[in-house]
2 protein chains.
Amino acid sequence: MGRIVMKFGGTSVADLDRIRAVSKLVAAEVAAGHEIAVVVSAMSGETNRLVALVDALDADMAPSGEKSGGAVEDEYDSIVASGEQVTSGLLAIALRRRGIPARSWLGWQIPLRTDMAHSKARIAEIESSAIGPSLANGHVAVVAGFQGINDEGRISTLGRGGSDTSAVALAVALKADRCDIYTDVDGVYTTDPRIVPEARRLNRIAFEEMLELASLGAKVLQVRSVELAMNNDLPIRVLTSMAEAGQDNPGTLVCHEDQTMEERVVSGVAYSRDEAQITLLRLADEPGVVARVCKAMSDANVIVDMIVQGISRSDNTANLTFTVGERDLDTALEALEQARQEIGFEALKHDRDVTKVSVVGIGMRSHTGVAQTMFEALAAKGINIEVIATSEIKISVLIDSEYTELAVRALHSAFDLHETPAPPVTAP
Amino acid sequence: MGRIVMKFGGTSVADLDRIRAVSKLVAAEVAAGHEIAVVVSAMSGETNRLVALVDALDADMAPSGEKSGGAVEDEYDSIVASGEQVTSGLLAIALRRRGIPARSWLGWQIPLRTDMAHSKARIAEIESSAIGPSLANGHVAVVAGFQGINDEGRISTLGRGGSDTSAVALAVALKADRCDIYTDVDGVYTTDPRIVPEARRLNRIAFEEMLELASLGAKVLQVRSVELAMNNDLPIRVLTSMAEAGQDNPGTLVCHEDQTMEERVVSGVAYSRDEAQITLLRLADEPGVVARVCKAMSDANVIVDMIVQGISRSDNTANLTFTVGERDLDTALEALEQARQEIGFEALKHDRDVTKVSVVGIGMRSHTGVAQTMFEALAAKGINIEVIATSEIKISVLIDSEYTELAVRALHSAFDLHETPAPPVTAP
């Protein structure tokens with residue numbers, strides 16, 4: 001018996017059949033004696049339909065400087081938030097039809113307060129004084145995800161994909177015991193099963209590991225939601241919404257390190273193809289030059305990831321290599337060309353065909369030899385490493401994209417990740 | 001220069017092209033120096049789509065007595081209200097793209113407070129303290145019609161077609177000079193132009209006349225909206241949303257009698273085919289028997305319209321004839337059969353193929369001979385009158401449906417309604 005927030009994304013509530021299936025999953029948790037709040041996204045495709053309406057309207061009424069009556073993000077938010085409004089109402093109806101007292105809660109009804117940044121708002125505060133007692137009275141709260149209300153009383157949205165975060169934030173505000181994120185996979189895997197069929201579902205993973213994996217592009221949880229859960233010591237369970245109610249569906253529990261219990265050094269192998277490598281040739285080797293490069297990038301809103309400075313040459317210059325997101329490459333190159341005089345480099349090279357492969361594991365803190373195992377495994381397959389970056393619980397290498405699958409398989413095998421999993425543990 | 005509430009129904013905002021056209025009409029009023037609030041319905045078809053979702057969900061989760069977790073009208077309202085939410089946002093964007101400061105207002109943002117009757121709520125109060133100053137600052141308020149908020153903070157809807165009423169109520173609350181109802185016809189006509197091509201648009205019509213016409217089934221304005229305008233002395237203008245901005249589009253002004261200025265006895269001829277006639281044969285001719293019939297009908301929620309008692313027969317019985325809405329006929333017949341003993345009648349007849357034809361005109365109050373003209377015109381065409389009912393400004397007759405068009409044409413002609421209209425008058 002506890003209080004649980006369950007979150008269902010767009011594909012989990014894609015149509016009325018899926019909404020009925022979700023109502024069964026919720027009913028099973030209610031039957032188990034839990035107090036339940038459910039956070040839902042818009043029905044799959046609905047947000048796109050609404051965004052397309054706004055875009056089409058704008059297409060031939062585009063702002064012409066002197067004519068536009070202002071930005072339109074506030075209205076965009078009001079329009080797009082209607083998608084979750086519909087789903088929350090439908091799920092509340094489906095639950096009542098199962099005999100379960102339930103009602104929908106829109107962002108402004110809770111209220112879930114946000115800052116003023118329309119279409120990418122951040123949660124400022126979630127009031128629990130109305131929804132909390134409702135849960136305690138045995139009513140299921142069906143919350144429209146992804147939306148809130150700002151200080152001007154306007155609807156704000158948390159930006160696309162913000163519903164994981166609103167679910168976790170709601171769970172924190174409601175002092176829930178756990179937040180269950182239902183998705184289209186049945187948990188967090190040691191690596192991408194499409195590349196390594198022997199990849200196995202992890203029963204537990206530490207917040208820090210999940211954070212690294214999410215940052216590395218694992219789509220299963222949003223980075224902000226993991227940070228929020230970690231900071232508030234709220235366990236998240238990732239599990240599939242496609243299971244029948246009552247069917248075995250343990251998922252993966254994301255929780256604090258001391259609860260993970262499995263003895264392992266590396267928990268997973270991740271990769272990201274959304275990388276591009278930039279090299280500045282014969283950069284003046286003097287203090288502050290790297291800072292000037294980073295400033296040019298941050299002025300252009302480009303995030304620099306891996307960065308390595310080459311050995312100084314006899315003419316007192318050095319090469320500088322760094323990576324940016326592939327989608328930012330053109331912006332980055334343009335900004336660098338414009339700042340060429342100021343930064344002072346001779347030439348510029350770039351490469352889109354690179355992949356970042358990472359091993360992540362909280363056990364690295366206390367185990368040596370992880371880097372050595374990694375580099376040996378890659379060398380054994382003849383894979384060349386362009387750049388290396390490390391953190392306390394992660395080692396990343398940049399390699400030629402052609403070798404991606406080979407590298408992931410080699411590392412998965414080198415760290416024995418396909419071993420029999422530890423026996424399942426019960427979620428709290 | 002004044003303050004005007006403009007209202008656009010579903011077909012007027014059916015798609016993005018129509019929304020752009022509406023934004024032009026609004027822009028023209030703004031350019032003329034008016035303060036403008038706009039009330040919009042959902043895009044045509046959208047409300048039906050949302051209702052169909054709820055119905056389909058209910059179809060195989062129908063309440064089974066012990067299982068249902070309660071009525072679902074509150075969630076229905078929350079779902080259906082999303083339609084107007086989208087339209088109001090889109091129109092606000094279209095206006096800004098024309099350089100006009102505008103924002104959307106949802107029912108709960110105004111707030112427009114209603115009673116607790118979900119899906120057919122009545123307006124209790126409209127707060128003008130937020131929206132009023134916004135208008136005075138030159139911002140156009142784009143209001144989602146058809147919706148409000150109740151004392152529990154839930155979204156309520158005014159029932160289908162409630163947006164005329166919310167527009168008029170808003171105009172009253174904002175102390176507007178006029179409420180302009182844009183629709184798919186260009187005004188109120190002397191009769192249905194599909195039957196009488198010579199029917200002409202009225203420049204003005206009195207509230208009382210419009211009320212009778214609306215009650216008689218003229219679809220152009222909702223009865224409640226006319227009542228509200230009359231009680232608050234708020235002129236309503238009915239005009240087409242299909243005209244280009246700037247094009248001559250005077251419409252029909254619905255206002256107080258002393259403003260109508262046109263000298264005429266009869267303003268229009270209306271007809272309603274949604275009628276059914278019931279005759280109770282050999283009813284005991286004693287006090288209270290008609291009351292027992294009316295009670296049986298009102299217990300069955302059936303509204304009795306025209307009613308006439310035949311001449312008493314020698315056996316101290318009489319026939320009683322009355323009309324009900326055709327859709328209520330089966331309910332009415334069933335209720336009468338069940339109450340046969342109590343009421344005391346011998347037999348029951350009914351006829352679905354009847355039409356009520358009415359002439360309406362405020363001039364009847366001071367002119368005699370209207371009934372005579374009407375009956376003579378019908379007799380000249382050989383049309384038999386089943387039932388007659390009169391009010392201060394209306395005479396209605398029930399006739400065989402086959403004669404509907406013939407009767408309407410004869411009456412339109414008998415009262416010279418196809419004459420040249422009076423010169424247009426400027427709306428206040």
Side-chain angles (χ1 to χ4, degrees), chain A residues 15-16 19-20 23 43 50 53-54 56-64 66-72 74-106 108-109 130 139-140 142 144 149 152-155, chain B residues 15-16 19-20 23 43 50 53-54 56-64 66-72 74-106 108-109 111 130 139-140 142 144 149 153-155:
Chain A
D15 54 35
L16 295 178
I19 289 174
R20 286 189 200 97
S23 73
M43 294 165 82
L50 294 165
L53 271 179
V54 175
L57 181 65
D58 255 6
D60 53 284
M61 299 187 81
S64 61
E66 80 288 0
K67 273 307 256 178
S68 176
V72 299
D74 52 341
E75 301 302 339
Y76 169 94
D77 279 0
S78 188
I79 292 166
V80 171
S82 70
E84 283 74 19
Q85 182 166 330
V86 171
T87 321
S88 60
L90 290 173
L91 181 56
I93 291 176
L95 286 167
R96 285 194 206 160
R97 290 306 186 218
R98 293 195 184 285
I100 297 170
R103 66 155 280 197
S104 64
W105 292 82
L106 304 175
W108 58 270
Q109 288 174 325
H139 286 244
V140 172
V142 185
I149 181 172
E152 287 178 353
R154 302 299 304 276
I155 293 176
Chain B
D15 54 37
L16 294 178
I19 289 174
R20 285 188 201 99
S23 73
M43 294 165 83
L50 294 165
L53 270 179
V54 175
L57 181 65
D58 255 6
D60 52 282
M61 299 188 83
S64 61
E66 81 286 1
K67 273 308 257 178
S68 177
V72 299
D74 52 340
E75 300 301 340
Y76 170 93
D77 278 0
S78 188
I79 292 166
V80 170
S82 70
E84 283 74 20
Q85 181 166 331
V86 171
T87 321
S88 61
L90 290 173
L91 181 56
I93 291 175
L95 286 168
R96 285 195 204 158
R97 291 305 186 218
R98 293 195 185 284
I100 297 169
R103 66 156 279 196
S104 64
W105 292 83
L106 305 176
W108 58 270
Q109 289 175 323
H139 286 244
V140 171
V142 185
I149 180 173
R154 301 298 305 273
I155 292 175

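We use all heavy atoms of the structure for the numbers below, so side chains are in, but hydrogens, waters and symmetry mates are not. The shown structure was predicted, so the numbers you read here are calculated from the model rather than taken from an experiment. Numbered from 1 within each chain, the chains take letters A, B, ... in sequence-line order.
Contact annotation for B:D74: only side-chain heavy atoms (C-beta onward) come within less than 4.5 Å of a heavy atom of chain A. For A:L106, the part sitting under 4.5 Å from any heavy atom of chain B is the side chain, from C-beta outward, and nothing else.
With respect to chain B, the highest number of heavy-atom pairs below 4.5 Å among A:S78, A:A92, A:S23 belongs to A:S78. In terms of heavy-atom pairs under 4.5 Å with chain A, the best-connected choice from B:I19, B:V54, B:L16 is B:L16.
Once rounded to the nearest 0.5 Å, the distance linking CD1 of A:I93 with CG of B:D58 reads 6.0 Å.
Taking both residues in full, the closest heavy atoms of B:A94 and A:L57 are given as N-CD2, 4.0 Å, listed atom of the first, atom of the second, then distance. The shortest heavy-atom contact between A:R154 and B:S104 is NH2-OG, 3.3 Å. Smallest separation of non-hydrogen atoms from B:L90 and A:I79: N-CD1, 3.5 Å.
Using a 4.5 Å heavy-atom cutoff, the side chains of A:I155 and B:Q85 are in contact.
Considering B:R96, B:R97, B:R103 as possible partners of A:E75, the one that fulfils the salt bridge (Lys or Arg N to Asp or Glu O under 4.0 Å) test is B:R96.
Partners of A:D77 under the side-chain contact (heavy atoms from CB on, under 4.5 Å) rule, at least two apart in sequence or in another chain, are A:H118, A:S119, A:S156, A:T157.
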